[in-house]
Amino acid sequence: SFHFALPGKGSIKILFTLLKSGLPKAWTQICNIFRSLIINAIIIRYLGSAGMSTMTICTNVLMLFNIFTSGTSDTLVPIVGILFGEQDYYGIRQTVKSARNVLIVSCTALLVFFLSFPQVIGKAFGIHDAQALAAVSSALRLFSLLPIIKYAVTAFLPSALLPIIIPLP
């Protein structure tokens, strides 16, 4: 049968290890909440409800990019972990190249779609006013470039700064 037991010293150590391993994702979500609250307050104050609906559409569109990036990164973790344990470095390189190609193709297709047809996206979210559609179109065109900027910062900046941080002997 099932029994509850008081946690021992080993249980607290395991709990601390689990909390430590989940802390980065939890911290990211906490920061996202505060970011959303601050941005929403600024938009409501200066742009009103029309600006808030435009921001909501842009945020939802960015979630489509996040589906590909998060899905790819979450898929890579166990695969690369197993390949690393097997010391299959060629397999790791091939896996990362394949994932990179999938990300480039999928995000480029989304980017082209959002840059070409922003009014279709606005209408899909229920925006039918011409002035609101124009605002959504320009905002979507700007927001659809954010994944490229994010990729450039996370992929190229660390590799550019690494020689500065850790100089070669």
Side-chain angles (χ1 to χ4, degrees), residues 7 10-40 43 54-125 127 136-169:
S11 299
I12 292 175
K13 193 179 238 184
I14 292 170
L15 179 65
F16 180 72
T17 303
L18 289 173
L19 288 174
K20 194 168 81 173
S21 69
L23 191 61
K25 284 207 176 218
W27 186 247
T28 300
Q29 294 305 317
I30 290 168
C31 288
N32 282 339
I33 289 170
F34 285 117
R35 181 197 60 178
S36 294
L37 289 173
I38 291 168
I39 289 173
N40 288 350
I43 289 173
T54 300
M55 180 65 181
T56 302
I57 292 170
C58 291
T59 304
N60 286 327
V61 163
L62 283 180
M63 291 298 175
L64 293 174
F65 284 105
N66 286 339
I67 288 171
F68 291 107
T69 56
S70 297
T72 303
S73 67
D74 288 347
T75 302
L76 281 177
V77 171
I79 295 170
V80 171
I82 290 170
L83 292 172
F84 184 78
E86 298 281 329
Q87 295 181 345
D88 183 6
Y89 302 114
Y90 177 76
I92 292 172
R93 275 195 303 274
Q94 292 305 109
T95 303
V96 171
K97 280 182 185 178
S98 175
R100 184 193 63 213
N101 292 339
V102 166
L103 276 175
I104 288 172
V105 168
S106 59
C107 287
T108 301
L110 280 174
L111 178 67
V112 167
F113 179 73
F114 293 141
L115 288 175
S116 302
F117 306 106
Q119 283 145 350
V120 172
I121 302 297
K123 288 179 181 177
F125 280 94
I127 305 292
V136 168
S137 295
S138 60
L140 269 177
R141 287 188 176 118
L142 288 173
F143 263 80
S144 62
L145 297 175
L146 282 178
I148 294 171
I149 296 167
K150 181 180 175 183
Y151 177 75
V153 168
T154 58
F156 298 119
L157 191 61
S159 62
L161 292 178
L162 194 59
I164 297 169
I165 296 170
I166 306 171
L168 296 173

Does the pair Ser98 and Gln94 meet the rule for a side chain to side chain contact (heavy atoms under 4.5 Å, CB included), with working shown?
CA-CA 6 Å; Ser98 175; Gln94 292 305 109; over 6 Å; no

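Listed by first and then second residue, the salt bridge (charged side-chain N to carboxylate O under 4.0 Å, His left out) pairs that reach into residues 89-105 come to none, sequence neighbours excluded. Counting only residues at least two apart or on different chains, the salt bridge (charged side-chain N to carboxylate O under 4.0 Å, His left out) pairs with a member in residues 67-84 are Lys25-Asp74. Counting only residues at least two apart or in different chains, ring-ring contact (aromatic ring centres under 6.0 Å, His included) contacts with residues 67-112 are absent.
Contacts of Phe65 classified as ring pair (Phe, Tyr, Trp, His ring centres under 6.0 Å), with partners at least two apart in sequence or in another chain: Phe114. When the side chain to side chain contact (heavy atoms under 4.5 Å, CB included) test is applied to Asn32, the partners found at least two apart in sequence or on another chain are Thr28, Gln29, Arg35. Evaluation of the side chain to side chain contact (heavy atoms under 4.5 Å, CB included) rule for Asn66 yields Met63, Thr69, Ser70, Lys150 as partners, not counting sequence neighbours. Evaluation of the side chain to side chain contact (heavy atoms under 4.5 Å, CB included) rule for Thr56 yields Met52, Asn60 as partners, not counting sequence neighbours. For Phe117, the ring pair (Phe, Tyr, Trp, His ring centres under 6.0 Å) partners are Phe113, not counting sequence neighbours.
Rounded to the nearest 0.5 Å, atoms CG (Leu83) and CG (Leu76) are 10.0 Å apart. Atom OG of Ser11 sits about 15.0 Å away from atom CZ of Phe16, to the nearest 0.5 Å. Here CD1 of Ile121 is found 9.5 Å from CD1 of Ile57. Values are rounded to the nearest 0.5 Å. Separating the CG atom in Leu140 from the CG atom in Leu145 is a distance of 10.5 Å, to the nearest 0.5 Å. We find the CD1-OG1 distance between Ile43 and Thr54 to be 8.5 Å, quoted to the nearest 0.5 Å.
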Taking only distance into account, with no hydrogens and no angle test, what donor-acceptor pairs under 3.5 Å do side-chain atoms of residues 17-24 form with protein atoms, sequence neighbours excluded?
from  : atom 1 : to    : atom 2 : distance (Å)
Thr17 : OG1    : Lys13 : O      : 2.9
Ser21 : OG     : Leu18 : O      : 2.9

Would you mind writing out the side-chain donor-acceptor pairs for residues 105-112 within the sub-3.5 Å range, not counting sequence neighbours?
from   : atom 1 : to     : atom 2 : distance (Å)
Ser106 : OG     : Val102 : O      : 2.8
Ser106 : OG     : Leu103 : O      : 3.3
Thr108 : OG1    : Ile104 : O      : 2.5

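For Ser137 against Pro118, the heavy-atom pair with the smallest separation is CA-CB, 3.7 Å. Among all heavy-atom pairs drawn from Leu115 and Ser144, the shortest one is CD2-OG, 3.5 Å.
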